[in-house]
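Numbers here simply count residues along the sequence, with the first being 1. In listed order, ligands and their atoms are each counted from 1. Just so we're clear, the structure is a prediction, and the values are computed from it rather than from any experiment.
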Amino acid sequence: MEVLDYRSSSYLGKAVKVGAGVQFLEAYPFAQSKGLVVVGGNCPTVGIAGGYSQGAGHGTFASRFGLAADQVLEWEVVTADGKLLTSTPEKNKDLYWALSGGGGGTYAVAVSLTVKAYPDAKTTAATFSFFSSGVSQETYYGAVGTYIANAIPLTNAGAVSTFLLSNTSCSVAPILSMNMSKAEMDALVQPTIDVLKKAGIAYSKILHWDV
Ligand SMILES: Cc1cc2nc3c(=O)[nH]c(=O)nc-3n(C[C@H](O)[C@H](O)[C@H](O)COP(=O)(O)OP(=O)(O)OC[C@H]3O[C@@H](n4cnc5c(N)ncnc54)[C@H](O)[C@@H]3O)c2cc1C
């Protein structure tokens, strides 16, 4: 892993170059130790240069910075004819666009990946759950619909909201955003809480973390 000052016709700024074996459990702390963040997924065991970025890659900073494939500045690859090539939006660009979301293991063997890196910043996370006990399924799923509709303004504000749904509970965990205060996040969650209160639906207190 290496931090670069990257300059191209489409990007000027910090970048992180990683070898293909690097997992997010290594890339996240490395970037953080340099005051930076890289865009990754929810699971630390996923490989940054493998199926994640090649498969488009969605994660906690996607609303703010875009998908993983949007972060790629450069792929260093070996093609089926044994050539070591660098592909960028300007150089071997057909390969660059194919690899950036075209699916892992499809076009070439990635040796390294260079991605955009952003200044680290305070990140707020929140979580809450609500339950179907004591209300009809119609009322419960009405509240689920409210939460999903309210995820749109959350997303537009730069947050990513992840949830696990069953016919008895909806666990919203986490909502996560960079550069958003607890108060701003609460205001975005409040329309859902108001519906839960009005419908008499049991819910857990919103918990926050600032990281
Ligand atoms: C617990 C868990 C949580 C996840 N969370 C998220 C998430 O939040 N967001 C998200 O977008 N995805 C997520 N995923 C999906 C994950 O992005 C894909 O499974 C991805 O394909 C994993 O890539 P990998 O390289 O780590 O895995 P692998 O299984 O090693 O590889 C996947 C594919 O990529 C190919 N590949 C791997 N390395 C290379 C290389 N160097 N060159 C060329 N091809 C290569 C492989 O041949 C294979 O086809 C999650 C997966 C798991 C298991």
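Checked against the 6.0 Å centroid threshold, F24 and Y52 count as a close aromatic pair.
Follow the hydrophobic side-chain contacts under 4.5 Å out from F131 and you never reach F163; the two are in separate clusters.
Looking only at protein heavy atoms, the nearest one to atom 6 (C) of ligand 1 is N42 N, 4.4 Å. Counting protein heavy atoms only, atom 12 (N) of ligand 1 is closest to Y52 CD1, 3.9 Å. Distance from atom 50 (C) of ligand 1 to its nearest protein heavy atom, with residue and atom name: V46 CG2, 3.8 Å.
The proximity of Q23 to ligand 1, defined as any non-hydrogen pair under 4.0 Å, does not occur for either the backbone or the side chain.
Polar contact check, H58 against ligand 1: a nitrogen or oxygen pair lies under 3.5 Å apart. Considering both main-chain and side-chain atoms, G47 comes within under 3.5 Å of ligand 1 through a nitrogen or oxygen pair. Taking distance alone, with nitrogen or oxygen atoms compared against 3.5 Å, G105 approaches ligand 1 more closely than that limit.
In the displayed structure, E90 atom CD is contacted under 6.0 Å by more than 12 heavy atoms of other residues, nucleotides or ligands.
Nearest to atom 33 (C) of ligand 1 by heavy-atom distance, out of G51, A49, G55, S53, is G51. Looking at G57, G50, P44, C43 and measuring to atom 39 (C) of ligand 1, the nearest heavy atom belongs to G50. Selection from G40, A56, A110 by nearest heavy atom to atom 41 (N) of ligand 1 gives A110.
At least one heavy atom of A108 sits less than 4.0 Å from an atom of ligand 1.
Within a 4.0 Å radius of atom 26 (O) of ligand 1, the protein has at least one heavy atom.
Residue-ligand proximity, A20 to ligand 1, at heavy-atom distances under 4.0 Å covers atoms 41 (N).
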Exercise for the section: Any chance you could lay out the ring pair (Phe, Tyr, Trp, His ring centres under 6.0 Å) test for Y118 and F65, step after step, and finish with the verdict? Expected result: CA-CA 9 Å; Y118 303 93; F65 300 126; 3.7 Å; yes
